[in-house]
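Following: one structure in structure tokens, then a few remarks.
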Amino acid sequence: MDIKLPKGTKDILLAEAEAYEQVESALINVAKLFSYAAIRTPIFEHTELFTRSVGDSSDIVRKEMYTFTDKGDRSLSLRPEMTAGVIRSVVENKLDVTADLPLKLYYVGPAFRYERPQLGRFRQFHQFGVENIGITSPLSVAETISLGVTAFTVMGFKQVTVKLNSLGDSATRDAYRTALKAFYEPHLPSVCPDCQQRFQTNPLRMLDCKVPADQLLAKKAPNITNFLSKESQAYYAEVKHALKDLSVVFTEDPQLVRGLDYYADCVFEFHMVSDKGLDYGALGAGGQYNNLVKELGGQPLKSVGFAFGLERLMAVLSDSGRLDNVKPFTDIYIISMMPETDLYALKLSHNFRHTNFKTELNLEHKSMKASIKAALKKDAIYAVIIGDQEMKANQVTIKNLQTQEQQLVPVNEVVHLMQHLTNQPGHHHHEETDDHDDHGHKEK
RNA sequence: GCGAUCGUGGUGAAGUGGUUAACACACCUGACUGUGAAUCAGGCAUGCGUGGGUUCGAGCCCCAUCGGUCGCCCCA
């Protein structure tokens, strides 16, 4: 076969797919803890939605969107991020006027950007995020940030730091932009070519230039904190105060600017260092967007949200050895020894499955050695062996794969016995997926 | 979009123009005819990302192309 997957995409399969599911469900559980509800929006939207919200001067819209014209001559785009679609949906369904506020929504799903792929960066990637729409208190911003921190904690990471900044309102940013340009104007000839470009398009981005000389200069640049209005200052102070009370570790970074046009006031990033000491940069980021709902035709609602990049999250988890023993598990592995016993085995598997046992049925008729090895590879707890001796006697052999003990039991008692042996009718000992240090059921 | 680097089985990889593409792990089969280890014996890439070219001869050289990775840009 010579058709390969497209650049910047990947197949997620087997253990990795399992890991994605577990991480997603852990994140969703945290969102539910904070009383968030699910939302799913289309993968493509009218292009105009993104040019209006993300901003038609942003790089995302200018050069990273998958935009196409459909057969009805509509310009559509694969979503490059999730917030725009969520807010569009909220406004379109009038949730901004009918729902109790603040409206708290979480989402998980793929998004698309035409970018040069790198580690942890794909053209189709997955985001988990939350939107807290219609907030009235700065404490809600702190609450939302702490949701993000809690998500990291639940995944086993303690060393999360939050980078925090306030961009103020639009008047603040206009004044600041003017001051920044005035500051940079005389230095323009000595600054890097990218920054000369940024000076025209988005002067705020000059602050996080990576060129050392420009970084030194940026340190001397005017600080946005000094341009904040009284209200923004007070608001920002309350957010910080609440974060301290919640023991959220944060550092203020006046040079933190975000690339999406809709951000205002508080913006933040979640940073993590892996167990190996590697700095993965921002694993998640977000901020307030106070005009977006109105801009898209709804009520003027202050809002805050953030998104995590699942691929980056998975990279850190994997690098920290937290995905090593993530795999599907099986309670009972049924081995049918020969074609004549297959139907007998199939019926038994049916009974196990209907009593909530994860059951694998092996009809391959390989050697006993190979069959037992296959059962072990599936991480099964019990093997149920069915040969013609068992079938003739209406019995089965059950083997505890950990203790290697085995016994012959009557077939009509085996389900009941298995429930007794595994110590439950409810039988949910695998179901806790939020703790990635404990996937082995062997120590039970 | 720019710059750099890499591309050999399921995996890690040797190979720098000359017979059958090393080695290791994994996997399969058997010795062991119904039980997880060890050992031993076999098996497992008709092919070196793809397409051209140079050559008597190409995994190796050249060109193109696709893809990965890293840096820039940007971002989750």
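In what follows, chains carry the letters A, B, and so on, assigned in the order in which the sequence lines appear, proteins first and then strands, with residues in each chain numbered from 1.
- Contact of the A/Leu217 side chain with the A/Phe183 side chain is registered, since non-hydrogen atoms from C-beta on lie closer than 4.5 Å.
- Within 4.0 Å (heavy atoms only), A/Leu401 reaches at least one base atom of the nucleic acid.
- B/A41 sits 13 Å from B/C25 when the P atoms are compared, rounded to a whole Å.
- The aromatic ring centres of A/His126 and A/Phe122 sit 6.0 Å or more apart.
- Residue contacts shown for A/Leu310 are absent, as no nucleic acid heavy atom lies under 4.0 Å away.
- The ring of A/Phe125 lies on top of the base of B/A76, close enough and flat enough: under 5.5 Å between centres, under 30° between planes.
- Separation of the P atoms belonging to B/C28 and B/G36 is 14 Å when rounded to the nearest angstrom.
- The heavy-atom pair separating A/Pro42 from A/Arg79 by the smallest distance is O-NH1, 3.3 Å.
- If you look at A/Tyr106 and A/Tyr36, their ring centroids are not closer than 6.0 Å.
- At a threshold of 4.0 angstrom between heavy atoms, the contacts of A/Leu283 are confined to the sugar-phosphate backbone, with no base atom among them.
- Using atom C1' as the reference point in both B/C48 and B/G12, the two lie 16 Å apart (nearest Å).
- Aromatic rings from A/Phe308 and A/Phe306 are positioned such that their centres are separated by under 6.0 Å.
- Separating the P atom of B/G49 from that of B/C6 is a span of 13 Å, rounded to the nearest Å.
- For the pair A/Lys63 and A/Tyr114, the cation-pi criterion (under 6.0 Å, within 45° of the ring axis) is not fulfilled.
- Here A/Lys10 lies out of heavy-atom contact (under 4.0 Å) with every strand.
- In this structure, A/Glu81 reaches neither bases nor backbone, as no heavy-atom distance under 4.0 Å exists between it and the strands shown.
- Across the C1' atoms, B/A14 and B/C56 are found 27 Å apart, a figure rounded to whole Å.
- When each of A/Gly286 and A/Pro6 is assigned the nucleotide of RNA chain B with its nearest heavy atom, A/Pro6 is the one assigned upstream, toward the 5' end.
- On the C1' atoms, B/G17 is 8 Å away from B/C61, given to the nearest whole Å.
- Ion pairing between A/Glu311 and A/Lys10 fails under the 4.0 Å rule for side-chain N and carboxylate O.
- The side-chain heavy atoms of A/Val257 and A/Leu167, taken from C-beta on, include a pair separated by under 4.5 Å.
- For the P atom pair drawn from B/A22 and B/G10, the interatomic distance equals 15 Å after rounding to whole Å.
- Between A/Gln118 and B/G71 there is a side-chain polar atom (N or O) within less than 4.0 angstrom of OP1 or OP2.
- Atoms OG1 and CG, on A/Thr69 and A/Leu76 in that order, are 8.0 Å from each other to the nearest 0.5 Å.
- Here B/C75 presents its P atom at 10 Å from OH of A/Tyr263, a figure rounded to the nearest Å.
- Note on A/Gly120: a base of the nucleic acid sits closer than 4.0 angstrom, heavy atoms only.
- Within the 4.0 Å cut-off from OP1 or OP2 of B/G3, not a single side-chain nitrogen or oxygen of A/Arg116 is found.
- Look at the C1' atom in both B/C62 and B/U16: the space between them is 15 Å, to the nearest Å.
- Nucleic acid contact for A/Glu269: none, since no nucleic acid atom lies under 4.0 Å from a heavy atom of the residue.
- When heavy atoms are screened at a 4.0 angstrom cut-off, A/Lys399 is found touching base atoms of the nucleic acid.
- Sorted by residue number, the list of members of residues 339-349 of chain A with any non-hydrogen atom under 4.0 Å from RNA chain B is empty.
- Position along RNA chain B of the nearest nucleotide to A/Val257 versus A/Gly387 favours A/Gly387 as the more 5'-ward residue.
- As judged by a 4.0 angstrom heavy-atom cut-off over every strand, A/Asn400 is placed among the base-contacting residues.
- For the pair A/Arg198 and B/C74, the criterion of a side-chain N or O lying under 4.0 Å from OP1 or OP2 is met.
- Evaluation of atom-type donor-acceptor distances gives a pair under 3.5 Å for the side chain of A/Gln406 against the base of B/U35.
- Using bins of under 30°, 30° to 60° and over 60° for the plane-to-plane angle, the ring pair A/Phe268/A/Phe270 lands in the perpendicular bin.
- Applying the side-chain hydrogen bond (donor to acceptor under 3.5 Å, both in side chains) rule to pairs touching residues 334-350 of chain A yields A/Ser336-A/Thr341, A/Ser336-A/Asp342, A/Asp342-A/His365, A/Ser349-A/Arg353, A/His350-A/His354, sequence neighbours excluded.
- You'll find a donor-acceptor pair under 3.5 Å spanning the side chain of A/Arg121 and the base of B/C74, going by distance alone.
- For A/Glu115 and B/G1, a side-chain-to-base donor-acceptor distance below 3.5 Å is absent, hydrogens and geometry of angles not being considered.
- Backbone-only contact: A/Gly8 has heavy atoms under 4.0 Å from sugar-phosphate atoms and none from a base.
- Counting only Watson-Crick or G-U wobble pairs whose defining distances are both under 3.5 Å, the stems of 3 or more consecutive pairs in RNA chain B are B:1-7 with B:66-72, B:10-12 with B:23-25, B:27-31 with B:39-43, B:49-53 with B:61-65.
- Protein atom NZ of A/Lys7 is 14 Å distant from nucleotide atom C1' of B/G49, rounded to whole Å.
- A heavy-atom distance below 4.5 Å is found between the side chains of A/Arg312 and A/Arg121.
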